[in-house]
J.: 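Encoded as C-alpha cells, here's the structure I'll be asking about.
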Amino acid sequence: MDLGRVAYYLDVWRDYMKSHTTKLGFKSTATGFLSGSINSFEDLEEIVDADTARAVDSAIDDLPPMPKTAIYVRILGEKTFVDESSIDRAYGLALSLLEKKLTLKNLY
C-alpha cells in the first residue's frame, strides 16, 4: 500500500468521525427482508465507507500513543500540548505504521 491510499483512508475516517449522526448502528429494517435497506448506490457507498472508517479507527487505536495523538491533531484538528516538531515526527511514524496495519485490516 502506498501513502496515497493511507491518505485516502484517513480522509474517509475523518469524514466519518466529523459526521454528526445519531445512528446507533441498528438496521432500519428487520433481518430477513431482501432489501437490507440498500435502495441506491449511495446507500451502498455509505455502508462501505462506514465499515472502512471503523476498520481505520481500529488500526489507529492499535497505534502507540504519540503516533495516535499525531493522527488526531493532523487529521481531526484536535489540540495538544505537545510541540509541533514532535507531532511532525510522530505523524510520519504514524503513516508508516498505518500503512502496515491497514493492510492487516484487509484494506488495500
J.: Give, for atom CD1 of Ile60 and atom OG1 of Thr69, the distance between the pair rounded to the nearest 0.5 Å.
T.: 11.5 Å
J.: For the CD1 atom of Ile71 and the CG atom of Leu76, what is their distance to the nearest 0.5 Å?
T.: 9.0 Å
J.: Should Leu97 and Pro64 count as side-chain neighbours, where that means a heavy-atom distance under 4.5 Å?
T.: yes
J.: Val12: what forms a side chain to side chain contact (heavy atoms under 4.5 Å, CB included) with it, not counting sequence neighbours?
T.: Tyr8, Asp49, Thr52, Ala53
J.: Would you mind listing every ring-ring contact (aromatic ring centres under 6.0 Å, His included) that reaches into residues 64-99, with sequence neighbours excluded?
T.: Trp13-Tyr72
J.: Going by heavy atoms in the side chains, are Leu107 and Arg5 under 4.5 Å from each other?
T.: no
J.: Go through the structure and list residues passing side-chain hydrogen bond (donor to acceptor under 3.5 Å, both in side chains) with Asp15, not counting sequence neighbours.
T.: none
J.: Taking transitive links into account, so neighbours of neighbours count too, which hydrophobic residues share a cluster with Val82 at under 4.5 Å side-chain distance?
T.: Met66, Val73, Ile87
J.: Is Asp11 salt-bridged to Arg14, cutoff N-O under 4.0 Å?
T.: yes
J.: Asp61: which residues meet the salt bridge (charged side-chain N to carboxylate O under 4.0 Å, His left out) condition with it, sequence neighbours left out?
T.: Lys68
J.: Atom CG of Leu10 and atom CG of Leu95: how far apart are they, to the nearest 0.5 Å?
T.: 6.5 Å
J.: What salt bridge (Lys or Arg N to Asp or Glu O under 4.0 Å) pairs are there with at least one residue in residues 96-108, not counting sequence neighbours?
T.: Asp62-Lys105
J.: Can you name the residues that form a side-chain hydrogen bond (donor to acceptor under 3.5 Å, both in side chains) with Arg89, not counting sequence neighbours?
T.: Ser86
J.: Which residues satisfy the salt bridge (charged side-chain N to carboxylate O under 4.0 Å, His left out) test with Asp51, sequence neighbours excluded?
T.: Arg54
J.: Which residues satisfy the side-chain hydrogen bond (donor to acceptor under 3.5 Å, both in side chains) test with Glu84, sequence neighbours excluded?
T.: Arg74
